[in-house]
Amino acid sequence: MKTRADIHAELERLERRLPRLMAELAADKVLEAFAAEAETLTRRLPAEHEAYVNRQLNCMLAAAGLVPGETEGEPCPKGG
C-alpha cells in the first residue's frame with residue numbers, strides 16, 4: 001500500500017467486510033479475523049499514513065461496537 005488511493009480503497013474494502021465477519025464468526029474471533037485482513041494494509045504502510053490508517057481502523061471497530069470508542073454506532077469520517 002503506497003498511494004493514498006490504494007489506502008482508501010483498502011479501508012473501504014475492510015469497512016464493507018467487517019459486517020460480514022461479524023455475521024460469519026463468533027464474537028471472540030471477529031477482532032482476530034479483522035486484524036488478519038487489515039494486515040495487507042498495515043504491513044508496508046508508509047510512516048506518514050500510519051496515524052490516519054490506525055485512526056480509521058479503530059473508528060471502524062468502535063462504530064461496530066467491537067471496541068470502546070467515541071464513535072460507537074457512528075460512521076467513520078471519510079478522507080484525511
Side-chain angles (χ1 to χ4, degrees):
M1 294 289 144
K2 300 264 192 248
T3 69
R4 194 76 153 176
D6 291 340
I7 291 168
H8 284 288
E10 185 63 9
L11 285 169
E12 288 176 2
R13 184 192 75 78
L14 289 167
E15 191 169 31
R16 288 189 309 270
R17 183 76 177 119
L18 186 54
R20 292 183 193 147
L21 290 173
M22 293 172 66
E24 295 169 359
L25 300 172
D28 63 334
K29 300 293 182 188
V30 174
L31 288 176
E32 182 179 331
F34 185 79
E37 292 206 17
E39 187 177 352
T40 60
L41 173 61
T42 60
R43 185 178 6 174
R44 293 192 182 120
L45 190 63
E48 68 266 18
H49 299 302
E50 285 180 6
Y52 169 73
V53 167
N54 288 329
R55 184 173 55 246
Q56 292 298 325
L57 293 174
N58 287 334
C59 179
M60 285 180 212
L61 295 172
L66 294 170
V67 298
E70 59 189 55
T71 59
E72 192 169 327
E74 299 175 14
C76 295
K78 302 293 180 197

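For the atom pair CG of Leu18 and CZ of Arg16, the computed distance is 12.5 Å after rounding to the nearest 0.5 Å. The CZ atom of Arg13 sits 5.5 Å away from the OG1 atom of Thr40 when rounded to the nearest 0.5 Å. Here the CD-CG distance, from Gln56 to Leu61, works out to 11.5 Å after rounding to the nearest 0.5 Å. Here His49 contributes atom NE2 and Thr42 contributes atom OG1; the two are 14.0 Å apart, rounded to the nearest 0.5 Å.
Between Leu11 and Met60, some side-chain heavy-atom pair lies under the 4.5 Å cut-off. Counting heavy atoms from C-beta on, the side chains of Val67 and Asn58 never come closer than 4.5 Å. Between Met22 and Leu66 the shortest side-chain heavy-atom distance falls below 4.5 Å.
Contacts of Leu25 classified as side-chain contact (heavy atoms from CB on, under 4.5 Å), with partners at least two apart in sequence or in another chain: Leu21, Lys29, Val30, Ala33.
Annotation for Glu32: atom CD does not count as buried by contact number, only 12 or fewer foreign heavy atoms lying within 6.0 Å.
Counting only residues at least two apart or on different chains, the side-chain hydrogen bond (donor to acceptor under 3.5 Å, both in side chains) pairs with a member in residues 17-28 are Arg17-Glu37.
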